[in-house]
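Start at 1 and go down the list; that is how both ligands and their atoms are numbered.
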Amino acid sequence: MTSPSSPVERIKAASDFLRGTLAESLADAHTGAIRDDDTVLIKFHGSYQQDDRDLREERRQQKLEPAWSFMIRTRTPGGVATPSQWLALDALATRYATSGLRVTTRQAFQVHGVVKTELKATMKAFNDALVDTIAACGDVNRNVLVSPNPVESPLHAEVHDWARRLSEHLLPKTRAYYEIWLDEERVAGGEDEGEPVYGATYLPRKFKTAFVVPPHNDVDVFAQDLGFIAIVEDGALAGFDVTVGGGMGATHGDAETYPRLAHVIGFVKPEQVFAVAEAVLTAQRDFGNREVRKRARLKYTIETLGIARFKAEVEQRAGFTLDPARAFAFEHNGDRFGWSEGHDGRWHLTLRIEAGRIVDRDTRRLQSGLRAIAQVHDGDFRLTPNQNVIVADVAANRREAIDALVAEYGLDLHATASPLRLAALACVALPTCALAMAEAERYLPEFVGKVDGLLAGHGLAEAPIHLRISGCPNGCSRPYLGEIALIGKAPGRYNLMLGADRRGQRLNRLHRENIDEKEILGVLDDLFARYAARRRDGEGFGDFLVRDGIVADDPALHAKVAA
Ligand code: SRM
Ligand code: SF4
């Protein structure tokens with residue numbers, strides 16, 4: 001007897017290809033919320049229903065319904081926005097949202113706090129700017145990541161194009177999005193489309209894809225369900241090593257869930273990318289767990305089937321055998337800040353956006369400053385998977401004008417912050433994230449300041465340590481790849497994880513459970529003292545912790561190549 005499928009599976013199956021009763025929910029003026037089943041379906045359209053958790057208790061006491069609002073996330077493969085798109089998104093964020101624009105860890109924009117009555121207008125405004133939100137969330141292939149600067153070299157541009165095309169190729173075919181948000185007429189009969197790749201119940205769980213150009217692993221390719229590592233031979237793109245089964249999410253106290261780094265399963269030529277991607281995706285569609293959502297990601301499907309059987313399944317579906325994986329080497333998984341020159345003499349400026357939040361705050365007027373840049377910029381903007389923004393494709397003689405705006409609006413964190421602050425990531429967490437157990441984005445600036453103080457005390461102020469904070473174990477800031485990471489456990493309390501490398505190829509491990517800031521800083525202070533005294537030349541903090549035996553190494557923590 002087969003187990004019953006999860007409630008989400010039933011909602012998808014009954015949704016008529018993601019329509020559900022969304023139109024009715026939006027029209028219901030009695031509540032700021034949408035119907036329960038529609039909260040599942042709206043994710044596929046790029047939105048989450050949320051409530052302001054800062055106000056939850058107060059509203060409960062006043063017997064008011066929660067302060068419902070909606071987060072909207074874009075599908076921006078590779079994180080590209082033209083200046084006019086930037087201005088349009090800035091304008092819609094100012095008009096409809098509450099906390100500016102937010103750059104996510106997957107090269108997308110998010111806005112928060114959109115009320116139901118303005119949701120449709122906001123969705124339209126995104127689409128008017130030629131930015132859609134379909135499949136930005138939900139059990140489908142999400143926004144495709146790619147090494148962020150496609151104009152760095154012709155090769156980057158080529159890989160970027162593969163990412164964009166694969167994103168299009170794996171889009172759901174349903175017209176529900178266009179009917180609900182853009183008032184497209186439904187084709188008579190309505191049984192028009194079907195989903196040739198996904199089927200009526202889509203995937204068992206979210207599915208994430210990334211392309212990366214070594215030596216920079218700036219997309220954290222091993223954290224993805226499906227990855228393509230560009231292999232360059234004789235200066236040209238020979239193809240890609242394919243990775244499968246990465247993922248970060250876990251649940252406290254549940255050993256059945258864990259972060260896992262991907263396996264490299266072989267090499268494909270560029271023209272085989274679509275076939276292998278479809279094979280991996282449909283294998284997950286057919287073998288993924290549809291009963292228990294916590295065990296439904298591809299990483300668990302692979303653990304259940306075994307990597308050899310999964311690879312054989314992929315090859316059978318793709319209709320070819322993968323070549324043996326080719327050699328690649330990553331140097332680091334962070335961003336490179338400041339100006340860099342591209343292959344064609346054009347320039348690119350990577351700006352540090354702390355925790356990805358683009359708002360005006362005191363002397364750092366990020367939203368106004370980036371708006372001012374967009375008004376004069378003739379290249380484009382690139383969002384990075386580390387929540388930063390590249391002002392890309394600038395002529396040499398335009399650099400000065402951009403620099404003047406950077407100085408005027410206080411956008412110069414990239415030039416003034418410590419290495420720790422530059423590389424640190426934090427997920428959104430409170431007040432919007434329903435799953436947050438502790439602060440992350442709002443805590444990052446203060447916590448970094450305290451750790452910077454400790455580092456300076458040990459003569460380590462310039463140590464480029466990777467710190468990541470997530471408000472819960474779901475791991476949206478990819479914290480299990482931080483040399484130091486805090487995973488929210490309860491307000492003010494975190495699990496302290498230590499010992500990842502800086503190339504995104506080794507996970508960290510739990511060091512201390514459920515401790516507060518004082519204890520965290522105490523532990524770090526001792527470890528920094530050891531690091532300062534005993535580190536080798538150029539040795540990263542995470543690598544030191546492993547070599548020094550403070551963090552036990554284990555093959556299970558590493559990305560692997562399948563036989
Ligand atoms: Fe995430 C759920 C925010 C990247 C793993 N994530 C959420 C939700 C939607 C909470 C919810 O389900 O109610 C968060 C909304 C917060 C808010 O108020 O905005 C949320 N995730 C984010 C973002 C905005 C974090 C950020 O600070 O940038 C990132 C949006 C990415 C995007 O543009 O698509 C974001 N989330 C990630 C990543 C990193 C990545 O993809 O490279 C991960 C870890 C990789 C992975 O998927 O394994 C991640 N998010 C999760 C999970 C755990 C999934 C799992 O396998 O268990 C959840 C919870 C869930 O799906 O049930 C989650
Ligand atoms: Fe929310 Fe947890 Fe993701 Fe942070 S890691 S955004 S708290 S789901």
Side-chain angles (χ1 to χ4, degrees), residues 8 39-40 43 46-53 69-77 79 97-99 102-113 133 135-145 204-210 219-225 227 245-252 254 256-262 293-300 333 353-357 383-388 425-444 468-481 485-489 504:
V8 172
T39 63
V40 171
K43 296 178 187 176
S47 180
Y48 275 72
Q49 177 173 299
Q50 303 182 316
D51 75 299
D52 186 333
R53 294 184 55 185
S69 69
F70 293 80
M71 173 269 272
I72 303 175
R73 184 184 290 167
T74 64
R75 182 183 65 91
T76 29
T98 49
S99 44
R102 175 67 160 56
V103 180
T104 75
T105 49
R106 295 195 68 76
Q107 296 179 295
F109 292 97
Q110 277 189 187
V111 295
H112 291 96
T133 67
C137 322
D139 297 342
V140 283
N141 181 57
R142 305 265 187 110
N143 200 38
V144 177
L145 296 186
R205 203 67 165 83
K206 55 176 70 165
F207 187 90
K208 299 181 171 180
T209 304
V219 306
D220 276 331
V221 70
F222 298 107
Q224 311 291 324
D225 293 281
M248 296 276 100
T251 304
H252 286 311
D254 179 355
E256 293 284 287
T257 66
Y258 41 82
R260 179 187 191 276
L261 293 188
R293 279 184 72 75
K294 279 189 176 168
R295 291 275 305 169
R297 290 294 291 272
L298 177 62
K299 60 184 175 182
Y300 304 121
N333 61 343
I353 311 291
E354 207 160 33
R357 184 71 66 180
L383 311 185
T384 84
N386 290 313
Q387 302 172 323
N388 298 308
L425 299 183
C427 71
V428 179
L430 294 161
T432 50
C433 178
L435 308 177
M437 298 171 173
E439 297 281 355
E441 179 184 326
R442 295 195 293 198
Y443 181 44
L444 180 82
R468 297 180 173 189
I469 307 180
S470 274
C472 83
N474 284 312
C476 298
S477 58
R478 299 185 289 269
Y480 307 102
L481 286 167
L486 307 189
I487 312 280
K489 186 83 181 172

Test of proximity, Lys299 against ligand 1: N or O pairs below 3.5 Å
no
List the closest protein heavy-atom neighbour of atom 4 (Fe) of ligand 2: residue, atom name, distance to the nearest 0.1 Å.
Cys427 SG, 2.3 Å
Starting from atom 51 (C) of ligand 1, which protein heavy atom do you reach first, and at what distance in Å?
Lys206 NZ, 3.3 Å
Would you call Arg205 a ligand 1 contact, heavy-atom distance under 4.0 Å?
yes
Non-hydrogen atom of Gln224 closer than 4.0 Å to ligand 1:
yes
Contact with ligand 1 for Ala296, non-hydrogen, under 4.0 angstrom:
no
If you measure from each heavy atom of Arg102 to ligand 1, is any distance below 4.0 Å?
yes
Below 4.0 Å from ligand 1: does a non-hydrogen atom of Leu435 turn up there or not?
yes
Give a yes/no answer: is there an N/O/S atom of Cys427 under 2.8 Å from atom 1 (Fe) of ligand 1?
no
Any N or O of Thr432 closer than 3.5 Å to N or O of ligand 1:
yes
So does Cys476 have any N/O/S atom less than 2.8 Å away from atom 4 (Fe) of ligand 2?
no
Nitrogen or oxygen of Lys208 less than 3.5 angstrom from that of ligand 1:
yes
Of all protein heavy atoms, the one nearest atom 2 (Fe) of ligand 2 is Cys472 SG, 2.3 Å
Ala426 and ligand 1 - part of the residue with a heavy-atom distance under 4.0 Å
backbone
For Gln110 and ligand 1, does the shortest N/O to N/O distance drop below 3.5 Å?
yes
Within the 4.5 Å heavy-atom criterion, are Arg478 and Pro385 side-chain neighbours or not?
yes
Is a salt bridge present between Lys208 and Asp220, judged by a nitrogen-to-oxygen distance below 4.0 Å?
no
Quick note on ligand 1: atoms under 4.0 Å from a heavy atom of Met248 include exactly 44 (C), 45 (C), 46 (C), 48 (O)
Arg478 touching ligand 1 at heavy-atom level, < 4.0 angstrom:
yes
To which protein heavy atom is atom 1 (Fe) of ligand 2 closest, and what is the distance rounded to 0.1 Å?
Cys433 SG, 2.3 Å
Counting from 1, what ligand 1 atoms have a heavy atom of His112 closer than 4.0 Å?
17 (C), 18 (O), 19 (O)
Gly475 near ligand 1, heavy-atom distance under 4.0 Å?
yes
Tell me the contacting part of Lys294 for ligand 1: side chain, backbone, both, or neither, using a 4.0 Å heavy-atom threshold, strictly below.
neither
Quick check: Gly247 and ligand 1, any N/O pair under 3.5 Å apart?
no
